[in-house]
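Before any comments, here is the structure.
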There are 2 protein chains.
Amino acid sequence: MGSEKETRREARIAAERAILQAAEEVFAIYGFKGSTMARIAQTAGLPKANIHYYFPTKLELYRRVVEEIYSSWLEAGDVFDNSPDAATALSAYIESKMDTSRLHPFGSKVWANEILQGAPVIQDYLETSLRDWTQSRIDIINRWIAEGQIAPVDPRHLLYMIWAVTQHYADFSHQVETLNGGKPLRSQQWHEATQSVKRIILNGISAQSSAQRAEEQA
Amino acid sequence: MGSEKETRREARIAAERAILQAAEEVFAIYGFKGSTMARIAQTAGLPKANIHYYFPTKLELYRRVVEEIYSSWLEAGDVFDNSPDAATALSAYIESKMDTSRLHPFGSKVWANEILQGAPVIQDYLETSLRDWTQSRIDIINRWIAEGQIAPVDPRHLLYMIWAVTQHYADFSHQVETLNGGKPLRSQQWHEATQSVKRIILNGISAQSSAQRAEEQA
DNA sequence: GCAAAACCTGACCATTTGGTCAAAAACTAC
DNA sequence: GTAGTTTTTGACCAAATGGTCAGGTTTTGC
């Protein structure tokens with residue numbers, strides 16, 4: 001029967017997953033060039049040659065890591081389609097992004113490193129799927145503006161703001177921790193951070209606000 | 001007289017500056033470990049041994065780069081003290097940070113890399129001067145809240161938001177550029193970005209807003 | 001059982017990298 | 001001019017690093 005075959009496949013998948021996880025952790029800190037296969041192997045608790053058995057080259061391993069992060073990233077944007085109104089959608093999106101920063105900080109850091117380096121590996125993705133993804137969300141936000149649900153803000157910069165702030169809690173977690181007395185944010189503090197972000201942004205783009213209509217809009 | 005001595009000193013300073021600039025550019029992209037002295041030398045247009053003449057080790061060079069960025073960073077916060085009211089202060093601070101991102105993106109990226117790596121070099125600064133700096137700004141923001149100038153937001157998260165968003169335009173400039181059709185933001189676009197950030201944040205914390213009082217505040 | 005396939009790993013190699021050094025070049029002071 | 005000082009740089013070295021490989025072990029299919 002196929003059970004033993006299945007076992008092998010499962011073992012292989014488990015091994016690859018362990019390696020990918022260790023690689024993500026190391027790449028998160030040192031970036032592509034600064035990371036070493038020896039360190040990834042050590043983190044994974046495997047001999048270096050074994051890593052090369054599953055992932056022939058450092059670049060292929062890195063690419064796999066980045067691709068997995070990227071695809072999980074895009075899924076978070078589904079709330080834009082599945083929410084009844086702007087406030088619900090953006091609120092859910094911010095929450096989702098904050099959860100990702102809390103639960104998968106390494107992925108966010110790998111992405112940050114990749115972009116810092118000029119996206120040598122995922123440039124093609126940026127130019128295709130990310131561009132499309134972003135444009136479709138911009139269209140949705142513009143629709144909300146047209147419907148008067150939110151103030152006439154630039155959708156692009158609104159998205160950047162959400163990305164920047166939510167990812168900051170992952171990418172700059174070390175700084176945040178240091179300014180939190182050297183301790184990681186507790187569950188309650190994560191909740192407060194999320195509430196703060198949601199409150200300021202949602203309030204900042206609320207349609208009924210009068211302040212921004214007085215501002216220049218030439 | 002000392003004129004020739006002065007010339008020498010000037011030449012030395014100029015050489016150090018050129019090296020520091022090249023180093024900043026390289027460290028910005030590859031981080032500490034990922035950067036090579038050879039590449040820094042090439043960027044500076046000098047032989048590698050010459051770099052070592054001015055900066056004995058890679059770590060010392062890196063430390064100098066980071067320290068210079070850090071100190072220039074803190075100065076931007078002076079507007080908190082020199083502004084008459086909250087809106088003016090925060091507006092000026094955001095503008096100042098956006099200008100820094102536009103004019104000195106490498107510095108911001110070096111900082112990002114340093115924090116991503118767990119601040120191996122400037123950890124002591126984080127725990128002393130940055131902590132003090134942040135606390136003093138928190139005190140000021142709390143005063144604004146007490147005076148009713150702004151809504152009762154968590155000052156810490158407000159600061160993080162400003163840092164995150166403004167630095168995003170430097171650290172993720174490659175992504176922003178790609179989503180801008182592959183071209184750097186034009187002067188006008190930088191202005192729009194700055195206005196967007198200021199508008200959303202200032203509006204988001206405006207005291208007269210009614211939305212956030214309806215929110216939970218338990 | 002047993003041959004074949006898949007998996008594992010210590011030892012090894014070529015290249016890269018941070019750093020050294022001695023000798024040359026340029027400059028200064030008198 | 002010349003002795004001393006500072007600056008410049010090609011050549012070199014030891015350590016680190018990505019990757020290879022041969023030989024071993026385990027698992028699979030029959």
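Basis for what follows: all heavy atoms, side chains included, without hydrogens, waters or symmetry-related copies. Nothing here was measured: the structure is a model prediction, and the numbers come from that model. Here is the naming used below: chain letters follow the sequence lines, and residue numbers restart at 1 for every chain.
- A donor and an acceptor atom never sit less than 3.5 Å apart when one is taken from the side chain of A/K58 and the other from the base of D/dG19.
- The aromatic rings of A/F27 and A/Y62 sit perpendicular to each other, their planes meeting at more than 60°, with 30° as the lower class boundary.
- Note: CG (A/L46) to P (C/dT9) measures 7 Å, nearest angstrom.
- Atom pair A/I51:CD1 and C/dG10:P shows a separation of 13 Å (rounding to whole Å applied).
- When rounded to the nearest whole Å, the span between CD of B/E10 and P of D/dT7 equals 14 Å.
- In this structure, the NZ atom of B/K48 is 9 Å from the P atom of C/dG19, given to the nearest Å.
- Rounded to whole Å, atom C1' of D/dG18 lies 17 Å from atom CD of A/Q42.
- A close approach under 4.0 Å does not occur between any side-chain nitrogen or oxygen of B/Y53 and OP1 or OP2 of C/dC21.
- When the nearest nucleotides of DNA chain D are assigned to A/P56 and A/G34 by heavy-atom distance, the more 5′-ward of the two goes with A/G34.
- At whole-Å resolution of the value, CG in A/N50 and P in C/dG10 are 10 Å apart.
- Note: A/Y93 and A/W133 have tilted aromatic rings, judged against thresholds of 30 and 60 degrees for the angle between ring planes.
- A/H104 and A/E24 share no side-chain donor-acceptor pair at under 3.5 Å.
- In this structure, CZ of A/R9 is placed 18 Å from P of C/dA5, rounded to the nearest angstrom.
- For A/A49 and A/M37, each mapped to the nucleotide of DNA chain D holding its nearest heavy atom, the one lying further toward the 5' end belongs to A/M37.
- As rounded to whole Å, 14 Å separates atom C1' of D/dA16 from atom CZ of B/F32.
- Ring orientation note: the planes of A/F80 and A/W144 are close to parallel, at an angle under 30° on the 30°/60° scale.
- When the side-chain nitrogen and oxygen atoms of A/R12 are compared with OP1 and OP2 of C/dA6, none of them lie within a distance under 4.0 Å.
- With hydrogens and angles left out, the side-chain atoms of B/Q188 and B/E192 include a donor and acceptor closer than 3.5 Å.
- B/Y54 comes within 4.0 angstrom of the backbone, heavy atoms only, and of no base.
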